[in-house]
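The next block holds one structure in the form of structure tokens; read it before the comments.
Predicted model, so just to flag it, every value in this text is computed and none were measured. As a basis for the values below, the full set of heavy atoms in this structure was taken, side chains included, without hydrogen atoms, waters or symmetry mates. So you know, we letter chains A, B, ... as the sequences are listed, proteins then strands, and number each from 1.
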Amino acid sequence: MNFTILDWAIVSGYLVVSLAVGLLGKKYIGNVTHYLVAGRELGTYIGIATLAATEIGTITFMYNAELGYKYGFSAFAAALISGFVMIIIGRTGLVISRLRQLKLMTVPEFFEVKYSRGLRLVTGVLVALGGILNMGVFLKIEGEFLTIVSGINAKYLIAVMTVILVLELLYTVLGGMVAVVITDFIQYVLLSVATILVSVYAVHHAGWANIIHKVSVTMGAPGFNPIANPKFGVTFIVWQILLWFSIHTCWQTTAMRMFSTKSPETSKRVMTWTGFIFLGRGMLPMLWGIAALTLFGVGALEKGVPLPVVNGVTLAPIDAMPAMLASMLGPGVKGIVIAGMLAATMSVNSSYLLGWSAVISQDVILPTRQVMGKPPLSTRGQIWVNRLANLFVGLFLMFWGLYYTPPGAIYLYLNITGTIFLAGAFVCVVGGLYWKRVNTTGGYLAMLMGAAGAIIPFFFLHWSENVTGFAAFGLAATGLVVGSLIGSPTPTNKQDPSSLVSATRTP
Amino acid sequence: MRYWLWFWTVSLVIAGTSFAAITVVVTLRGFADLREMLKRLLQQKDRES
């Protein structure tokens, strides 16, 4: 066991405070808008805190550290792209500003406003499928991290995962977005302090000159130059730019923050400043991974990179960073860092639970009821459907997380599962907002061809992630253009974005 | 390689500095934002009930 009583006290204190504060959120819930988008009352600073906390988790630290360990400084390209694209979207208001004007609660809701209820249903199913598969690996990776750093016996991994999930579910189910935002604020502060602490410790222990030397000796130029690195190259960079434009505009958990802001202008400010945080969100954990390579990369070569060896035991590259934290952090600091990592874990998981369950309830269950001719649900009924969807997603995650191990780097698995719906959704949203000729036939083709372009090449043909990504976005765009040109023209009342604003019914 | 190392070092410094600076600003000003949000949510809820 690597934990002292002081460390346990810090971590337990954080958990109790976080849970208590989260449960407070329930008293602010009066209707579905409060439950899903916090009454659209997010200001700039709390907006930045909740968006950053939502997209920075232990899973983020783990996959970015893994990229740093395997590909050296070249991995920084992915972080740089994610941050810069976010800043560009924030400055221009591309997509997010118009979506915020429409007063939506979920991304698929746009598909009913612009296209048809049937396409909203199809999109809802794809978004929920891709999102839940994406989140499916979180718990296992997070459990691994916590057991390695704290030194808890690995046989308790399932118990650790269950406790994390139950705590998150408790406040998310009851308090919805309000509880998530309140806890996100505390979690953002803690995870940021932990991130800065670990970065200072990692560079201090490994030594900057040693880090550069290790990457030079192990990888040569491809360790610094992403274009020369066979895993990256120009195709990777172009795919990443496309992917991050779609993530920052159409990823349900990010979009929900934009929908929750006070105004389109606030959403732009939140996006811009969080873009700067995203630079550090990627680069700092990648640096930890490179530091772990420097300290522990002495094992047998795997694809040209030495495996980490800690206390005579050979580990997987993804486990090198937590093993480094376990060995270099002293009592007290370790407790703060673990509390920070737990905060990161809980903020991401609670937001994702809410995001995907919102799609299941609002875009799959409620439209299906309407199609079946059933009367609309009361406000109370809708909140309960959301809570039950939350529980369902939580249970699914437990089982998927236990039995599925993704092939290759986690970062790339997450990219591909996201692409299942992102390719089609991004193309349809951009087309729907900026191209008058777009129609429902094009929308259906884009969603289905985008999903097929992600699932078939990756899971069945075993193509590389870059090529799969291009196939998905290319097919989705082709589907939208061809379908829109051969299908019936869009009704005039759905052509102009300003008319869409008055067509939305959500308060 | 030397150019890339220089580029990544500068990028890392910018990323780390902005991460820390924004953390400080958001920590100091986010609490007031949060209180304002909760106050307005209660007002919304009262108006509806």
### Task
Carefully, step by step, assess A:I277 and B:V26 under the rule side chain to side chain contact (heavy atoms under 4.5 Å, CB included).
CA-CA 11 Å; A:I277 296 178; B:V26 170; 5.5 Å; no
At a 4.5 Å cut-off on heavy atoms, which part of [X] comes close to chain B: side chain, backbone, both, or neither?
X      : answer
A:F276 : both
A:I212 : side chain
A:F278 : neither

#### Entry: Residues of residues 190-208 of chain A with any heavy atom under 4.5 Å of a heavy atom in chain B
A:S192, A:T195, A:I196, A:W208
### Task
May I have all residue pairs that pass ring-ring contact (aromatic ring centres under 6.0 Å, His included) and include part of residues 214-234 of chain A, sequence neighbours excluded?
A:Y71-A:F232, A:F73-A:F224, A:F232-A:F236
### Message
Does A:K26, at its NZ atom, have more than 12 non-hydrogen atoms belonging to other residues, nucleotides or ligands within less than 6.0 Å?
### Response
no
### Query
Going by heavy atoms in the side chains, are B:L34 and A:I182 under 4.5 Å from each other?
yes
### Message
Using side-chain heavy atoms (C-beta onward) and a distance below 4.5 Å, is B:V25 in contact with A:I48?
### Response
no
May I have the list of side-chain donor-acceptor pairs in residues 77-85 of chain A shorter than 3.5 Å, sequence neighbours left out?
from	atom 1	to	atom 2	distance (Å)
A:S82	OG	A:A79	O	2.8

### Sidechain-backbone polar pair: B:K45 side chain, A:H34 backbone, donor-acceptor under 3.5 Å
no
### Message
With a 3.5 Å distance limit and no angle check, can you tell me whether A:E41 reaches the backbone of B:L41 through a side-chain donor-acceptor pair?
### Response
no
### Task
Nearest 0.5 Å please: distance from the CD1 atom of B:I22 over to the OH atom of A:Y188.
6.5 Å
### Task
Mind checking the CD1-CG spacing from A:I46 to B:L38? Nearest 0.5 Å is all I need.
8.5 Å
### Task
Start with the C-alpha gap between A:R40 and B:M37, add the side-chain angles, then the distance that decides, and say whether side chain to side chain contact (heavy atoms under 4.5 Å, CB included) holds.
CA-CA 9 Å; A:R40 297 196 180 87; B:M37 181 191 95; over 6 Å; no
### Closest contact, heavy atoms only, B:A15 versus A:G280
CB-N, 3.8 Å
### Minimum heavy-atom distance A:G39-B:Q44, with the two atoms named
O-NE2, 3.2 Å
### Message
Apply side chain to side chain contact (heavy atoms under 4.5 Å, CB included) to residues A:L279 and B:L12 and explain how you reach the verdict.
### Response
CA-CA 8 Å; A:L279 297 174; B:L12 186 61; over 6 Å; no
### Summary
Looking only at B:F31, B:W8, B:F19, the option with the highest number of non-hydrogen pairs under 4.5 Å against chain A is B:W8
### Query
If you look only at pairs with a residue in residues 184-204 of chain A, which of them pass as a salt bridge (Lys or Arg N to Asp or Glu O under 4.0 Å), with sequence neighbours excluded?
A:D184-A:R257
### Summary
Scored by heavy-atom pairs under 4.5 Å with chain B, the best of A:P226, A:G25, A:A228, A:S74 is A:P226
